[in-house]
Number of protein chains: 2
Amino acid sequence: MPTGAISSLTLNRLSLYLRCLRRLREEGLSTVSSLTLADRFHLSAAQIRKDLAQFGEFGIRGVGYDVNKLTDRLSGLLGLDRTHSILLVGAGNLGSALARFLSFEDRSFRVVAAIDSDPKKIGTEIGEVPIHGPAELQTVVRNTGAEIAVLAVPTDEAQEIYDRVIEAGIRSVLNFAPVRLARDPDVPTKSVDLRIFLEELGYQLQARQVATDAAT
Amino acid sequence: MPTGAISSLTLNRLSLYLRCLRRLREEGLSTVSSLTLADRFHLSAAQIRKDLAQFGEFGIRGVGYDVNKLTDRLSGLLGLDRTHSILLVGAGNLGSALARFLSFEDRSFRVVAAIDSDPKKIGTEIGEVPIHGPAELQTVVRNTGAEIAVLAVPTDEAQEIYDRVIEAGIRSVLNFAPVRLARDPDVPTKSVDLRIFLEELGYQLQARQVATDAAT
DNA sequence: CCATGTGAACAAATTCACAGCA
DNA sequence: TGCTGTGAATTTGTTCACATGG
C-alpha cells in the first residue's frame, strides 16, 4: 500500500535498513525483529516498524521480519532490482573518483559514460568509462540510455550544465557543485555539498572551544 | 546570544547562506534583504530570518542585512575564521579525490596528512599531502595537530579505524564508509553515505515509472 | 506469549502573519 | 514605507504504549 509520497528522511532510512538486512543475510539469519535490528545497528525499533508498515504488513507478529522477503521488497521499492545507468559530467578529481566509487555498486548503478570539456581528456577513459566532449552530450545520452547525471563540475557552470543534461534527456540529477540549482520540477534532483559536512564539524569544534573557554 | 544547541538542519542552512553572501559580496552588494536573498537563491525568506535571529539582531528594519557583517558573523560562528587541519584516512580513489577537493577550500580546511595501509603508497604523496603508514597514526596526529579525520576506508574496517583515530587524539570525524558507527559521544561525528543519494534518486525514478505505468 | 502495526502524545521544523522599528 | 524579528498556527517527524494477531 504505497500511499502518498515517501519523505526523503524515510527513504534514506530504508536504504540503511536494506544495507543492514543484506549484512544479516550474509550472516545466514533468516528472520529478524525490529528490536534486534535496532540494537545491532543503533537504530530505533519503533521507527523501523513505522517505516516498514507504510508498505503493508511485512512482519509476522511474535516473530519478526523475513530477511529475504524484506530485502527484496526494499530493493524493489528503491528501484534497485534493475541497473541504472549514470552519466558522469565533469571528469576532474572528484568526478573520476565518483566514477570508480559509484560503479562498484551491486549492479544497481553503473557509470556508463563521462563528459568533460578538456580536449586532453576527450577520447580517453576513467577505468572503463569513455570520456566524450560536451558536443556529444545528446548522442551519448541517447546511445547509452543514461538516466542519472552526476554533476561534478565547477560552481559557475553547474546551472547551465544542469539545464543542458535535462534538455538532452536525462531523467534525474545528482549534483555535487555547491550551488542552489533552479530545478526542473519534473526531474528528481538531489544536491550534495561536501563542504557543508565539514563546516558542520567546524561549528561543533568551534562550539566546544567556546564552551571549554567559558568553563575556566 | 547563542542560546541552545543549533540543529544540524539550521547549521547546514547557515553554511548555505554564507556561500550566497560571499557571492553577493563579490558582486559588490553591501546590503541584502531576506527576500532578495531568498529570491536569488531559491530559499525561504521567513526561514532566513528565523535562522539568523537566533544569534541576535543583525538586520536593520526597513533595509536588510549588512553583507560584510553577516558574512563575518557566520564565518565566526561556523569556526571558519581559522584553519582546521584534516587527516585523511584511506588514500584510495575516493580518499585521494577528497584530499584534493577538500583542500582547495578558502583556507578554512586543509588536508595535512594521509594514512594508508598499502605499503606501496606509504612514503608517497597525493598532491602535496604525504602518506604515512597506520603505525604512525598517533605521531602524525600529534605533529600535524590534525583535528578532523576524514574516513575513506573499507566498510568492515571503519569502526576499528574510527576508534583508533579517536584514541590517537582526533577531535572530530567525517565518515564516508557506509556503516552506522558506534560513536564516541565526545567526538562530533558525521557520516555521509554517497550511495544513499543515488538510491533516493533510484526510488524517484522507480516511482515515476510506476505512476506512468498505472496511468496507461 | 511475543513482536508487529498503529493511534495518540510529543517534539521539531517550517510557515504564516503581523507588531514594531529604522 | 519596508523589512526585520517573533509569537502563534501548521505541518512534519519521532516516540510511546498498547491492542491485535500469529
Side-chain angles (χ1 to χ4, degrees), chain A residues 1-17 20-21 24 29-71 73-74 77 180 196 200 203, chain B residues 1-17 20-21 24 29-71 73-74 77 180 196 200 203:
Chain A
M1 208 195 260
T3 337
I6 307 173
S7 84
S8 184
L9 252 24
T10 306
L11 228 34
N12 292 353
R13 280 195 301 268
L14 294 180
S15 287
L16 198 61
Y17 301 158
C20 298
L21 287 164
L24 295 178
L29 217 50
S30 67
T31 246
V32 70
S33 75
S34 58
L35 196 69
T36 313
L37 204 52
D39 282 354
R40 181 76 196 288
F41 299 101
H42 319 105
L43 304 163
S44 142
Q47 187 146 64
I48 291 171
R49 293 202 297 276
K50 258 267 151 78
D51 286 339
L52 297 180
Q54 284 183 67
F55 314 106
E57 312 209 346
F58 265 84
I60 304 158
R61 295 178 194 229
V63 180
Y65 300 90
D66 181 297
V67 174
N68 280 311
K69 251 201 249 172
L70 194 55
T71 306
R73 184 75 177 88
L74 289 181
L77 221 119
R180 291 282 296 185
I196 282 186
E200 192 177 336
Y203 167 77
Chain B
M1 208 195 259
T3 337
I6 307 173
S7 85
S8 185
L9 252 25
T10 306
L11 229 32
N12 292 352
R13 281 194 303 268
L14 294 180
S15 288
L16 199 60
Y17 301 159
C20 299
L21 287 165
L24 295 179
L29 217 51
S30 67
T31 246
V32 69
S33 75
S34 59
L35 197 70
T36 313
L37 204 54
D39 282 355
R40 180 77 197 289
F41 299 102
H42 320 104
L43 303 163
S44 142
Q47 187 147 66
I48 292 171
R49 294 201 298 277
K50 259 268 150 79
D51 286 340
L52 297 181
Q54 283 183 65
F55 314 108
E57 311 210 348
F58 266 84
I60 303 161
R61 291 171 197 233
V63 180
Y65 300 90
D66 180 295
V67 174
N68 280 311
K69 250 201 250 175
L70 194 55
T71 306
R73 184 76 177 88
L74 289 180
L77 220 122
R180 291 281 297 184
I196 283 185
E200 194 178 333
Y203 167 78

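Just so you know, these numbers use all the heavy atoms, side chains as well, and skip hydrogens, waters and symmetry mates. Lettering of chains follows the sequences in order, A, B, ..., and the numbering in each one begins at 1.
Atom CD1 of A:Ile48 and atom C1' of D:dT15 are 13 Å apart (whole Å). Between A:Leu43 atom CG and D:dT15 atom C1' there is a gap of 15 Å when expressed in whole angstrom units. Residue B:Asp39 contributes atom CG, which lies 11 Å from atom P of D:dC3 at whole-angstrom precision.
Nearest heavy-atom pair, B:Leu37 versus B:Val32, reported as atom, atom and distance to 0.1 Å: N-CG2, 4.0 Å. Closest non-hydrogen pair, B:His42 versus A:Arg180, comes out as O-NH2, 2.8 Å. When all heavy atoms of B:Phe58 and B:Tyr65 are compared, the closest pair comes out as C-CD2, 3.8 Å. Contact record, B:Leu77 with A:Tyr203: O-CD1, 3.1 Å, taken as the closest heavy-atom pair. In terms of heavy atoms, A:Ala38 sits closest to A:Ala45 at CB-N, 3.6 Å.
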Notebook entry, point to check: For every nucleotide of nucleotides 5-13 of chain D, 5' to 3': is a protein heavy atom under 4.0 Å from its base (B), only from its sugar-phosphate (S), or from neither (-)?
Noted result: BBBB----S
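Within the 4.5 Å cutoff, side-chain heavy atoms of A:Leu14 are placed close to those of A:Leu52. Residues B:Thr31 and B:Ile60 fail the side-chain proximity criterion, which asks for heavy atoms closer than 4.5 Å. Side-chain atoms of B:Ile48 and B:Leu35, non-hydrogen and from C-beta on, never get closer than 4.5 Å to each other.
With no hydrogens or angles considered, a side-chain donor-acceptor pair links A:Ser8 and B:Glu200 at under 3.5 Å.
Interatomic distance, B:Gln47 CD to B:Leu9 CG, rounded to the nearest 0.5 Å: 8.0 Å.
Rotation axes derived from the C1' atoms of the five outermost pairs at either end of the helix from C:dC1-D:dG22 to C:dA22-D:dT1 lie 10° apart, to the nearest 10°.
Put simply, chain B comes within 4.0 Å of DNA chain C, heavy atom to any atom, from C:dA13 to C:dA22, going 5' to 3'.
Residue contacts for A:Thr10: at a heavy-atom cut-off of 4.0 Å it reaches no nucleic acid atom on any strand shown.
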